[in-house]
Visitor: 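After the structure tokens below, expect a handful of questions from me.
The figures that follow rest on heavy atoms only: side chains count, while hydrogens, waters and symmetry mates do not. Naming convention: chains lettered A, B, ... in sequence-line order (proteins, then strands); numbering from 1 in each chain.
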4 protein chains.
Amino acid sequence: MDYDIKDLKLAEKGKLKMEWAARYMPVLGIIKEKFSKEKPLKGVRISACLHVTSETGNLIKTLRKGGAEIALTASNPLSTQDEVAAALVKNDSIPVFAIKGEDNKTYYKHINQALDQKPQITMDDGADLVSTLHSQRKSLLEHVIGGTEETTTGVIRLKSMARNKVLRYPIIAVNDANTKHLFDNRYGTGQSTIDGILRATNILLAGMNFVIAGYGWCGRGIAMRAEGEGAKVIICEVDPLRALEAVMDGFQVMTLKEAAKIGNVFVTTTGDKDVISRDHFLRMKDGAVVANSGHFNVEIDIRALSKMSQKRRKIRDFVEEYSLRNGRKIYLLAEGRLINLAAAEGHPATVMDMSFANQALCVLHLYRKGKSLKKEVYPVPEKIDKEIARLKLKALGIKIDKLTPEQKKYLTGWKEGT
Amino acid sequence: MDYDIKDLKLAEKGKLKMEWAARYMPVLGIIKEKFSKEKPLKGVRISACLHVTSETGNLIKTLRKGGAEIALTASNPLSTQDEVAAALVKNDSIPVFAIKGEDNKTYYKHINQALDQKPQITMDDGADLVSTLHSQRKSLLEHVIGGTEETTTGVIRLKSMARNKVLRYPIIAVNDANTKHLFDNRYGTGQSTIDGILRATNILLAGMNFVIAGYGWCGRGIAMRAEGEGAKVIICEVDPLRALEAVMDGFQVMTLKEAAKIGNVFVTTTGDKDVISRDHFLRMKDGAVVANSGHFNVEIDIRALSKMSQKRRKIRDFVEEYSLRNGRKIYLLAEGRLINLAAAEGHPATVMDMSFANQALCVLHLYRKGKSLKKEVYPVPEKIDKEIARLKLKALGIKIDKLTPEQKKYLTGWKEGT
Amino acid sequence: MDYDIKDLKLAEKGKLKMEWAARYMPVLGIIKEKFSKEKPLKGVRISACLHVTSETGNLIKTLRKGGAEIALTASNPLSTQDEVAAALVKNDSIPVFAIKGEDNKTYYKHINQALDQKPQITMDDGADLVSTLHSQRKSLLEHVIGGTEETTTGVIRLKSMARNKVLRYPIIAVNDANTKHLFDNRYGTGQSTIDGILRATNILLAGMNFVIAGYGWCGRGIAMRAEGEGAKVIICEVDPLRALEAVMDGFQVMTLKEAAKIGNVFVTTTGDKDVISRDHFLRMKDGAVVANSGHFNVEIDIRALSKMSQKRRKIRDFVEEYSLRNGRKIYLLAEGRLINLAAAEGHPATVMDMSFANQALCVLHLYRKGKSLKKEVYPVPEKIDKEIARLKLKALGIKIDKLTPEQKKYLTGWKEGT
Amino acid sequence: MDYDIKDLKLAEKGKLKMEWAARYMPVLGIIKEKFSKEKPLKGVRISACLHVTSETGNLIKTLRKGGAEIALTASNPLSTQDEVAAALVKNDSIPVFAIKGEDNKTYYKHINQALDQKPQITMDDGADLVSTLHSQRKSLLEHVIGGTEETTTGVIRLKSMARNKVLRYPIIAVNDANTKHLFDNRYGTGQSTIDGILRATNILLAGMNFVIAGYGWCGRGIAMRAEGEGAKVIICEVDPLRALEAVMDGFQVMTLKEAAKIGNVFVTTTGDKDVISRDHFLRMKDGAVVANSGHFNVEIDIRALSKMSQKRRKIRDFVEEYSLRNGRKIYLLAEGRLINLAAAEGHPATVMDMSFANQALCVLHLYRKGKSLKKEVYPVPEKIDKEIARLKLKALGIKIDKLTPEQKKYLTGWKEGT
């Protein structure tokens, strides 16, 4: 079996880590049990490009139990947990290609190695694997039935491909499931982004001006948690509606140029590029801390920052000090990569449970129905989404009300009024 | 001019009250100015069934300035501000049919009087006027071009009518505009529901078990504000997804039967009937306070409560004490009608500004385009929704960022990856 | 019996209102029961100068049940609930001298009438009765054994009198009891100040800049609740330590001159005078709303505001519009008097329960032990304070842990270390 | 120079870490500058027993710059940052005796080595050094002028010593300074405790039942932050007043036995022993996570837990799994030691700045005035406390208001009333 990981000796630690995560992934656990018995994916070849974390480990094991042949590569050079990679290789015979801190060249080499699997199903997080497949490995396209995509950024790219008639097989946007983005993007990104910033810096957030660019689901989650730490949250947006919501939610809203002057910590989470750039760096106070929580490391214009600096040094793990020519220092975290995966451990298992239950069931759905689908981006089937919500609630031991027949009828009638 | 109101002498107070509200309605103000110049609704006959509050007064005046002929009736027997009714009649020559505390018979008589206007456009809040028109006044249907609907409950009824092929003209669901329901239902209902409960009871919410049935936009708003007062919020839901969101938002989630045993205050906001009923009343603690913030007074089963009680008396304005046979007392607020409109003054002007800007622009849209529409429920045109967000932000003096051409391009591309 | 109130016919409404409040005053209820049996204050003459609210009504009735002869006058011209005054006169034969909206002359006439009682014990809230007694009615001082004081401002005045050797009898600072100021000043003032502002204005607080002058217990309570409504809270302070706490609590801290430029709503709660004055009014935005929640109406410099204005009119109950010469309008609430008592109903019964349980037990303590005390300001005896906390928790049905003997011992030892 | 640390090669990393912390310690920075010039502690021998963190490093360097001769030892076996220890030895020639993870025997050996310095001043955090000095090294007592104590637990022990007439020299309770405990214990412990739990477990706190034993300043800080992460906070207390505050702050309050049944995460912060013991472990749900944030590792009865377990294994760093005989698993974090120091990095520099500014100035105060003090526990001189608040605010660039002469006069008068 081919693989490329840091160190096989880390396997035991990785195994325990996955075991710990599994405690918080009861819905995936139910699916795993079912898959073990029924083997519904027997022999199906899958190439997966996902953050190699303990939660992903549990997803991969679930698919494996279902009979699939999977190759796994990282969806970000900094997000791999090497011990998990080791455990998957050693204990579960999964070919993994991922090393934390790998350079861009290795990153793409690994994607290609995962593609050598000749996938029938692709699983992607950011669409790097899909775009590699569509540009450099076109010959493999004939094998592919369909794919899943985990994150907002990937969905945006894939919809653009579909719009441009470039997309060659159907994709299910797992990201857009309610049981995914309402939880993972909000509560997951919220907690883990703050976690990443604190592990990297150990600064006190109470009383800080905490600037967030982007008030989508991720931005809201971060805002909620930053406020929960006592920070004064400032939101920068380009969409008037979201900006209005931020105002009514009690946050200060201003342009990033204004925010640059007063912010202590900055986080980008927009899905767009050059959100924080030269003009903003110039206005920042000495000591400003800058991090990214969006999918790609393009949100902060690092090249501009480098050019403006006369010196650069690492002052703590994941904290790089840029000494600007104006005498001020700016601290960039985790090289502008996803701070929650680079400096912390990514989304907690509790939310990934639902995201990955969606992944597992959508892979099965694609395998069964993919051939009847068009070369477009599809939502997660509503039935899957709802079932996952129901199972999660049950796993948490929470009971809710049921509509009576009279109440159901009332909701569909129109005659009863005042 | 025909009208039926409490007392014309209240007009001066109503005028000042509308003036005060207008300060917080800048977007409607811009539309009013434009309408005054252009008279785009010259001679258009409108029958409006809305809560007769100072904010509605400003909407009616705006349409009047645009040239419309409007008759106004109340959309709830308890929600009329008599001074506003008086001012509209006396100063603006609007035929108003609404008296706070009118009985159900008068309520429907007033709706019929407003319909005597032979409307080309209807404006409704809960669909009582539309359903009266479709059942008792069918002969008037021939004049109608279209209508607008303000609230969730009304939209549900109208969609049911459309589904059953009963609806005879197109309706725009103003409620579903982002600039309406995200603000009015959430921040408006949130603040004003608590306001109504406090005006009625003057109880301290800190430390109370505050039970909310329904975690839609209204329920979320109420939960946010109840927590903001220091209460311990408990959510009851029938939808697993919403229940999960409530859990992750930090609230306790349980069935209403469980919540009944520990709640101090109960608020319904579901759009359904008999949400709190006999079984729940039986479990409640002595002194439980029960209120409704949903559109109709059907959410609390008052008949059941009456039957269970051996005595009933009014202990404060809007607080009725029911002495149950089990020896406990339950306090029903505002006869189970919308607590925020009955005991307080409904949604603050700031949010109604956007809701009613949508109303004004949708009336115009219907007048111009209504004949080309089908007999269905339509969303607010996206252009109107977005423009209102933009104007509101501007009126608040808040500046936001703009995408650069490069950023726009990036968002529509797919080739740039890691 | 002599008395001076608005209207005896309001008595029934007042009786019900007190009955309602009594539901939320279980600790006072326990004391009342005990007093009824034991009559420990038989024949004791008391002059009480307190806000005449339904909660105070319950305190007065408790003392009366204990055998005391009490005359009651208002501690603020705007805070009287006329129906409560009527009920106390009619049903409980208490001589009350208090009419909501009385002018300053009548206010002091009423204080003098209450003093005609020749009190052995005084109960005060702001020290107006005590200072009248010490300046105009010195001959009565010989009868007095001691007094209680309810509020921070009164305690400050009385301590100043003691320091200047002017105070002629011992006072217990009820305000300083933990079970008083930690609850009443924080949760009571917090909720009721917001309540008063909303009843007066019906504005949406979400998204507003809400400026609070003073970050003592009252200011903290208001800040907590304003944030709970979605407002952006700005704190102005003179004490560096409190200012630092406000910063760390996540609020913006700045000088009032800076805050004046951006605030939408201003509330003073400092205990000092001229906190908002000419310089601040000049900087305020058009439409600024200004209110006071401190004891006296001196915190806002109303004279300066009047002088700067060319016009003044009442636009809503408790909202006065001042048209400044610079073209802007400023809205003063409740004539600068305690907004929570003037426009709303003061502190909810739940917190007054503890404050007034302290009052009742301190009156008894003074009657029994007053002669052995010096002419100084005393704290509430710790035993009383602790017992009230215990009773309140019990009344709420909440059980807490107890230290084991080993744990008690550990806490007093020093030898066990790492 | 004698020393005992992990590895001198870590010095460069420690130096950078201290440099980073220094950015957030401006008040200590001002003192350091002054000390560098004036050398007010020239030749003074100090033995310091403190958590060896980057913040402490900056304090030690400040005292060194002031001329002091300091030996440093750890105040907890798990809290040492080995890189900081290395930097202090290598770059600043400070004799340090501290290795992360040292056993109890080594811990006390190191304390003794620090005492070999024959201190004139002691600095302690938990009073282990002081109690060792008073029990095993009495001969050294003759040299000692005075000491400082950093934490609540230490102050409790020292007051007990003073009460028992055992204390042999004056101690200043740095912990009790307002600029210390209101910030460090609340915001510092709050953030860093959550940080420690997340680093150890990576669990999602949103929706969890988070049980906190103890609602002192530390407990409040933790409650605030746990709620800020979306957890449902449950408070257990023995003091009725604090319990009532917790209720009004919106938290659930119950006995630990009740909480044990529903909690997902437990944190102790009481200063007492056996807070969580056998009876509680027996009631806990499978998967319960248990941590301590109080000074000593006695709050959780680990011996009882061990006895009840049939198996024990480490599943992640700082997470130990105990398999109970009843089939459930309980996860103990960081061996029951201070979770924020063991699994995270302790209090952020921003709050330690004020705590350690108090330390530095109190050491100087003791050196100058100690001989005139009694053998008691003293508060930090008010002048020092206030000056630190002023300097901190200035360093944060925040301006506050000043009282006018008229306002000062008003506050000390009593004649102006209603």
Side-chain angles (χ1 to χ4, degrees), chain A residues 186 190-191 193-194 197-198 201-212 215 219-237 239-255 258-267 285 287-289, chain C residues 186 190-191 193-194 197-198 201-212 215 219-237 239-255 258-267 285 287-289:
Chain A
R186 187 162 37 161
Q191 176 177 305
T193 297
I194 300 297
I197 292 170
L198 293 187
T201 65
N202 199 40
I203 57 176
L204 186 83
L205 293 181
M208 290 261 165
N209 287 323
F210 194 105
V211 181
I212 301 167
Y215 200 60
R220 279 156 215 242
I222 301 169
M224 208 156 60
R225 296 306 169 233
E227 189 179 40
E229 293 278 12
K232 287 180 292 243
V233 174
I234 295 167
I235 302 292
C236 303
E237 247 299 339
D239 179 74
L241 188 88
R242 287 179 170 178
L244 261 181
E245 282 185 277
V247 169
M248 295 293 174
D249 285 342
F251 301 124
Q252 277 193 283
V253 175
M254 59 182 78
T255 60
E258 286 306 306
K261 291 189 249 171
I262 57 174
N264 300 108
V265 181
F266 297 80
V267 180
K285 293 198 290 189
V289 170
Chain C
R186 187 163 36 161
Q191 177 178 303
T193 296
I194 300 298
I197 292 170
L198 292 187
T201 64
N202 199 42
I203 56 177
L204 186 82
L205 293 182
M208 290 261 167
N209 286 324
F210 194 105
V211 181
I212 300 168
Y215 201 60
R220 277 156 216 243
I222 300 169
M224 208 156 57
R225 296 306 169 232
E227 190 179 41
E229 294 279 13
K232 287 180 290 245
V233 174
I234 296 167
I235 301 292
C236 302
E237 248 298 339
D239 179 73
L241 187 88
R242 287 180 170 178
L244 261 182
E245 282 185 277
V247 169
M248 295 294 173
D249 285 342
F251 302 124
Q252 277 193 282
V253 175
M254 58 181 78
T255 61
E258 285 308 303
K261 291 189 248 171
I262 57 174
N264 300 108
V265 181
F266 296 81
V267 180
K285 293 197 289 189
V289 169

Visitor: Please state whether the side chain, the backbone, both or neither of A:Phe251 comes within less than 4.5 Å of a heavy atom of chain C.
Guide: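 Backbone only.
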Visitor: Under the side chain to side chain contact (heavy atoms under 4.5 Å, CB included) rule, what do C:Val233 and C:Met224 come out as? Steps first, then yes or no, please.
Guide: CA-CA 9 Å; C:Val233 174; C:Met224 208 156 57; over 6 Å; no
Visitor: Tell me, side chain or backbone of C:Glu229 under 4.5 Å from chain A's heavy atoms, or both, or neither?
Guide: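 Neither part; nothing is under 4.5 Å.
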Visitor: Heavy-atom cut-off 4.5 Å, strictly under: side chain, backbone, both or neither for A:Leu205 against chain C?
Guide: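 For A:Leu205, there is no contact with chain C at all, as no heavy atom is under 4.5 Å.
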Visitor: Identify, with sequence neighbours excluded, every residue that meets salt bridge (charged side-chain N to carboxylate O under 4.0 Å, His left out) alongside A:Glu258.
Guide: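 For A:Glu258 the salt bridge (charged side-chain N to carboxylate O under 4.0 Å, His left out) partners, ignoring immediate neighbours, are A:Lys261.
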Visitor: If you apply the rule side chain to side chain contact (heavy atoms under 4.5 Å, CB included), what do you find for C:Met254 with C:Ile234, and how did you get there?
Guide: CA-CA 7 Å; C:Met254 58 181 78; C:Ile234 296 167; 3.7 Å; yes
Visitor: Checking side chain to side chain contact (heavy atoms under 4.5 Å, CB included) for the pair C:Arg220/C:Tyr215: CA distance, chi angles, key distance, verdict?
Guide: CA-CA 5 Å; C:Arg220 277 156 216 243; C:Tyr215 201 60; 3.6 Å; yes
